[in-house]
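Working notes, structure below.
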Amino acid sequence: VQLQASGGGSVQPGESLRLSCTASGFTSGGYAIGWFRQAPGKEREWLSLINTSDGVIYYADSVKGRFTISRDNAKNTVYLQLNGLKPEDTAVYYCGAAHLYKITLTTMKHHNEYDYWGQGTLVTVSS
């Protein structure tokens with residue numbers, strides 16, 4: 001099982017980026033993809049999750065209204081659209097996959113509940 005995250009870059013405040021997380025090697029059974037970020041010296045922060053089976057979506061309050069998660073099951077890819085970026089959004093962004101049976105409204109926010117991780121993609125927001 002592999003996850004490949006991409007799409008990061010350096011942008012100015014107010015600009016947008018679209019991150020991608022492409023999955024391969026998953027066997028049958030539902031799973032969820034979550035996006036996290038980790039800034040230097042800080043803990044990994046949960047941002048959003050999508051159930052790849054039924055499309056149910058959740059967001060952290062800190063990004064609700066600015067970030068949008070979506071999926072393209074034909075491409076085995078989950079996207080995270082980042083709009084209105086701020087300097088405090090600067091971080092390495094990670095996608096993780098977890099088997100659905102492990103995911104609750106509480107556990108989805110805990111990075112140690114995820115079974116697989118992509119390598120991370122750096123987003124830098126600076127003027």
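- Sorted by first and then second residue, the salt bridge (Lys or Arg N to Asp or Glu O under 4.0 Å) pairs involving residues 65-82 (not counting sequence neighbours) are Arg66-Asp89.
- Placement of Val56 and Met108 within a single hydrophobic cluster is found when ILVMFWY residues are connected by side-chain heavy-atom separations under 4.5 Å, directly or transitively.
- Cluster membership check: Leu3 shares its hydrophobic cluster with Leu47, using side-chain heavy-atom separations under 4.5 Å among Ile, Leu, Val, Met, Phe, Trp and Tyr.
- A side-chain N or O of Asn83 and one of Ser16 form a donor-acceptor pair less than 3.5 Å apart.
- If you chain together hydrophobic residues whose side chains sit under 4.5 Å apart, Trp35 and Tyr59 fall into the same group.
- With values rounded to the nearest 0.5 angstrom, Leu122 atom CG is found 8.0 Å from Thr90 atom OG1.
- With values rounded to the nearest 0.5 angstrom, Ser48 atom OG is found 6.5 Å from Ile57 atom CD1.
- Residue pairs that meet the side chain to side chain donor-acceptor pair (under 3.5 Å) test with at least one member in residues 108-118, sequence neighbours left out, are Lys102-Asp115.
- Minimum interatomic distance between Glu45 and Ser62 (heavy atoms only, all atoms of both residues): OE2-OG, 3.2 Å.
- Across Ala97 and Ile33, no two heavy atoms sit closer than the pair CB-CD1, 3.6 Å.
- Put simply, the side chain of Leu85 does not reach to within 4.5 Å of the side chain of Glu15, judged on heavy atoms.
- Proximity of Cys95 to Val78: side-chain heavy atoms (C-beta onward) are nowhere separated by under 4.5 Å.
- Contact between Ala23 and Tyr31 at its shortest, heavy atoms only, is CB-OH, 4.2 Å.
- The structure places OG1 of Thr121 at 9.0 Å from CD of Gln4, a figure rounded to the nearest 0.5 Å.
- In this structure, the separation between CD1 on Ile69 and CD on Gln81 is 12.0 Å, given to the nearest 0.5 Å.
- Rounding to the nearest 0.5 angstrom, the gap separating the CG atom in Leu17 from the CZ atom in Phe67 is 9.5 Å.
- Taking the side chain as every heavy atom from C-beta outward, Pro13 and Pro87 approach each other to under 4.5 Å.
- Glu88 CD: more than 12 foreign heavy atoms inside a 6.0 Å radius.
- Here salt bridge (Lys or Arg N to Asp or Glu O under 4.0 Å) pairs that include residues 92-101, with residues two or more places apart or in two chains, number zero.
- A donor atom on one side chain and an acceptor atom on the other are found under 3.5 Å apart for Thr77 and Thr22.
- One hydrophobic cluster, built from ILVMFWY side chains closer than 4.5 Å, cannot hold both Ile50 and Tyr79; they sit in different ones.
- To the nearest 0.5 angstrom, Arg18 atom CZ is 11.0 Å from Leu82 atom CG.
- By the criterion of side-chain heavy atoms lying less than 4.5 angstrom apart, applied directly or through intervening Ile, Leu, Val, Met, Phe, Trp or Tyr residues, Ile103 is not grouped with Tyr101; the two fall into different hydrophobic clusters.
- Contact between Ser53 and Gly30 at its shortest, heavy atoms only, is OG-CA, 3.6 Å.
- In terms of heavy-atom proximity, Tyr93 sits nearest to Arg37 at OH-NH1, 3.0 Å.
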